[in-house]
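Right, one structure below, let's go through it.
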Amino acid sequence: MRRLILIALAGMIVVACADRWMQAIAQSGGTQYPSAARITGDGTAVMVEDYAVLPQSRWSFDERNPPRNDFEGLPYQLARANVLASEPRDAPRSSARFFVIDQNGNLYILDKSRREFIEYVAFSKVFPNFANASPNGGFGTGLGSITFDPAYAKNGKFYTVHTEKPGMSASGTPRNGVLRGLRPGGFATTSPINPPAGEVGFESVVVEWTDTNTGNAVFEGTAREILRLGFSFVFHPVGDLLFNPLARPGEADYGNLYISVGDGTAGERPGITHTIPQRLDALQGKILRITPDVTLRPQDLLSSNGRYRIPSTGTNANPFVSTNGARPEVYAYGFRNPHRMTWDAVTNTLVAVEIGAGSWEEVNVIVKGGNYGWAEREGHEQVFVGGPNNGRTGSRVEPPVAFPAADTVIVEGIDRPLTPLYPAAAFSHRDGVAIGPGFLYRGKLMPQMLGKYLFSDIVTGRLFYCDGPEMLATKGARDKSAAIHELQVVYKGPFGTPAESGVKRRMFDIVAEAYSRRQGFPIPNNVLPGMSALTNAGQFDPYGAAYGGGRADVRLSMDGDGEIYLMSKSDGMIRKLTAVVTTPR
């Protein structure tokens, strides 16, 4: 009997040790900074084809003068292709056109049949304070995003966000006569909602547009400023705008606009701004939820500027409407730069990508009231701001700093310590530098990718994917993270070869060659504009090939049919993923 007891106890010890070992292995995969690139291809490759070429545009931001949208200065990025969007399906021209953003300030209509661009609204000309910072700084400034009201087919309403530099003009209202279809008068600026600490240098402006004729390619109607947010620094302004695609008229979330707001780099700076992403009395470093139509639910709280309401009644009220000192607009918080969101209608899931500081890039599944850790966490690690370890995560400190035994953060206004939510997937700066927009694929051209979450690294142009169910199953736990796989690229374009020849390309090289062909002039010794330590001379990709310097600036967009497009700022090109193909040699 004693021997049986001892054997049983030994077995229990072995099992317990094995459980701890497995847990340690799982944690080390996502919580320890790797010594080398970790993500490689798994045999999956996608066909990439050229789709459209944007008209060239130029940044020209001068604090002393109103910005001009011309070709002055060095031609760095040829056109900052940023977003491709479809109108709702019931809109009269939705099947025939896209809306495309050039971040330099142009909102275009793209005719699908002719692949031609028609200027719809030139923000850099219309708004006298429009701010578009230099090509190597302020990557998020300019014209940022567009989304369409769920009743757009009937009311013609859509929403945009752009950045402004206060004080460049005596009035921030649109210039008369520049946008001919814009009815004069009626547009009034609002007081900015500034961060509770630090100075303000830039503002993000959310505008509601009402086009009285959505059947033509000319804007005709009115514009109304909804919200103006101040930021201390040029980086991480408002990133994205989104409506819940599943909400129907009469339901609690119908007509609610979700807004992803960066922290303006407040969190990574020691001092009075550091806690802003964790402060509920600040709108910076948050995802907000507001109702632009003030007549939709008149019982809800009216904003301080009178331009929108805040979901504050019923079972779907915003999470902090009753929290002392909190901004009622806050839906989720603890973000550095949640620059893009997507809402998957199949799983009813809101996902946001988060550009990290010095170590990790994140994919986050967003839940109401969730705290996503920044600026106390980055990726699955603790991060330090200020002092000798400034900007480092725990595993990058010498010697490494153990993760806190109590995984909690303190939030003013909440009476208990909180455990933050962690990324559903994350990659280190060994594999990329800045995560690009991602989408759960629901199209028809690539049936092998159904339910996969596709995204990019902006700088290198590498394409990745996660298994959607695996990603959603992590539920914010620190010891869980979905595996990331690289998508190889077969390019069918002027510098590539047909699919049947089976030649792989790197998006970095595809963009560099197109950039050169379009007579772009990068920074000396670089093949592309912009700068990044990961792609500088002497830096290599995970397969041993040199990059050549600069940024590919590749982002994904998804159309109304669920198909994926590649937007590259550097060469001003739009490309499309058209098939999954056999991995070429």
Side-chain angles (χ1 to χ4, degrees), residues 54-62 65-72 79-85 87 91-94 97-111 116-132 141-149 152-153 155-190 203-228 237-238 241 257 292 307:
L54 268 76
Q56 289 193 18
S57 64
R58 293 291 179 266
W59 69 274
S60 65
F61 172 54
D62 186 339
N65 300 294
R68 299 175 299 276
N69 187 26
D70 55 24
F71 289 81
E72 286 191 333
R80 300 173 73 198
N82 190 33
V83 173
L84 176 148
E87 297 162 285
R93 299 291 305 281
S94 63
R97 66 187 190 180
F98 293 125
F99 280 71
V100 174
I101 284 178
D102 175 346
Q103 207 166 335
N104 281 339
N106 296 319
L107 176 60
Y108 294 108
I109 287 176
L110 171 57
D111 183 284
E116 292 179 357
F117 290 86
I118 303 165
E119 184 181 283
Y120 186 64
V121 180
F123 281 70
S124 58
K125 300 173 184 176
V126 172
F127 292 97
N129 289 333
F130 181 84
N132 190 27
T141 56
L143 178 57
S145 186
I146 181 173
T147 195
F148 297 92
D149 189 275
Y152 168 80
N155 63 25
K157 293 184 184 297
F158 63 95
Y159 298 83
T160 61
V161 62
H162 68 276
T163 50
E164 294 190 0
K165 178 74 174 176
M168 290 178 61
S169 169
S171 170
T173 58
R175 293 187 177 99
N176 289 331
V178 174
L179 183 58
R180 293 184 179 180
L182 180 63
R183 294 176 189 168
F187 188 103
T189 60
T190 63
E203 295 171 349
S204 283
V205 184
V206 179
V207 178
E208 175 189 84
W209 303 81
T210 303
D211 191 340
T212 57
N213 184 0
T214 59
N216 63 18
V218 178
F219 179 81
E220 301 169 300
T222 60
R224 182 173 73 99
E225 182 170 305
I226 299 295
L227 175 65
R228 182 177 289 262
V238 171
L241 309 170
L257 179 64
R307 303 295 178 89

Looking only at heavy atoms, which two atoms of Ala131 and Thr141 are closest? And how far apart? O-CB, 3.9 Å
Run Asn132 and Thr163 through side-chain contact (heavy atoms from CB on, under 4.5 Å) and show every step you take. CA-CA 7 Å; Asn132 190 27; Thr163 50; over 6 Å; no
Leu227: which of Thr190, Val205, Val238, Val206 passes side chain to side chain contact (heavy atoms under 4.5 Å, CB included): Val206
So which atom in Val83 and which in Ile146 form the shortest heavy-atom distance, rounded to 0.1 Å? CG1-CG2, 4.3 Å
Full working for side-chain contact (heavy atoms from CB on, under 4.5 Å) between Arg183 and Thr212: CA-CA 11 Å; Arg183 294 176 189 168; Thr212 57; 3.4 Å; yes
Roughly how far, to the nearest 0.5 Å, is the CD atom of Glu208 from the NZ atom of Lys157? 4.0 Å
Looking only at heavy atoms, what is the nearest atom pair of Ser171 and Pro128, with distance? O-CG, 3.2 Å
Heavy atoms, side chains only, cut-off 4.5 Å: are Tyr159 and Val161 in contact? no
Check Val207 against Phe187 and note the closest heavy-atom contact, atom names and distance. CG1-CE1, 4.2 Å
Please report the interatomic distance CZ(Phe158) to OH(Tyr120), rounded to the nearest 0.5 Å. 4.0 Å
To the nearest 0.5 Å, how far apart are CZ in Phe117 and CZ in Phe98? 10.5 Å
A side-chain contact here means heavy atoms from C-beta on lying under 4.5 Å apart; do Asn106 and Glu119 qualify? yes
Mind listing the closest non-hydrogen atom pair of Ala79 and Leu54 along with its distance? CB-CB, 3.9 Å
Glu164 CD to Glu203 CD distance, which is reported to the nearest 0.5 Å: 7.0 Å
Any side-chain to backbone donor/acceptor pair from Arg175 onto Lys125? Under 3.5 Å, distance only. yes
Tell me, do Asp211 and Glu220 make a side-chain contact under 4.5 Å, heavy atoms counted? yes
Picking from Tyr152, Phe219, Phe148, what satisfies ring-ring contact (aromatic ring centres under 6.0 Å, His included) with Phe99? Phe148
So, Arg228 side chain and Thr189 main chain: donor-acceptor pair closer than 3.5 Å or not? no
Non-hydrogen side-chain atoms of Arg180 and Val218 separated by less than 4.5 Å: no
At what distance, to the nearest 0.5 angstrom, does CZ of Arg224 lie from CH2 of Trp209? 13.0 Å
Working note: Arg80 + Asp102, criterion side-chain contact (heavy atoms from CB on, under 4.5 Å); need CA distance, chi angles, decisive distance, verdict. CA-CA 5 Å; Arg80 300 173 73 198; Asp102 175 346; 3.6 Å; yes
Within-4.5 Å side-chain heavy-atom neighbours: Lys165 and Asn129: no
Any side-chain heavy atom of Arg93 within less than 4.5 Å of one from Ile109? no
For residues Thr160 and Phe123, determine if any side-chain heavy atom of one lies less than 4.5 Å from a side-chain heavy atom of the other. yes
Report yes if the side chains of Leu257 and Leu241 come closer than 4.5 Å at any heavy-atom pair, otherwise no. yes
How long is the straight-line distance from CG of Asn82 back to CD1 of Ile101, given to the nearest 0.5 Å? 6.0 Å
Of all heavy-atom pairs linking Gly172 and Phe127, the shortest is O-CD2, 4.1 Å
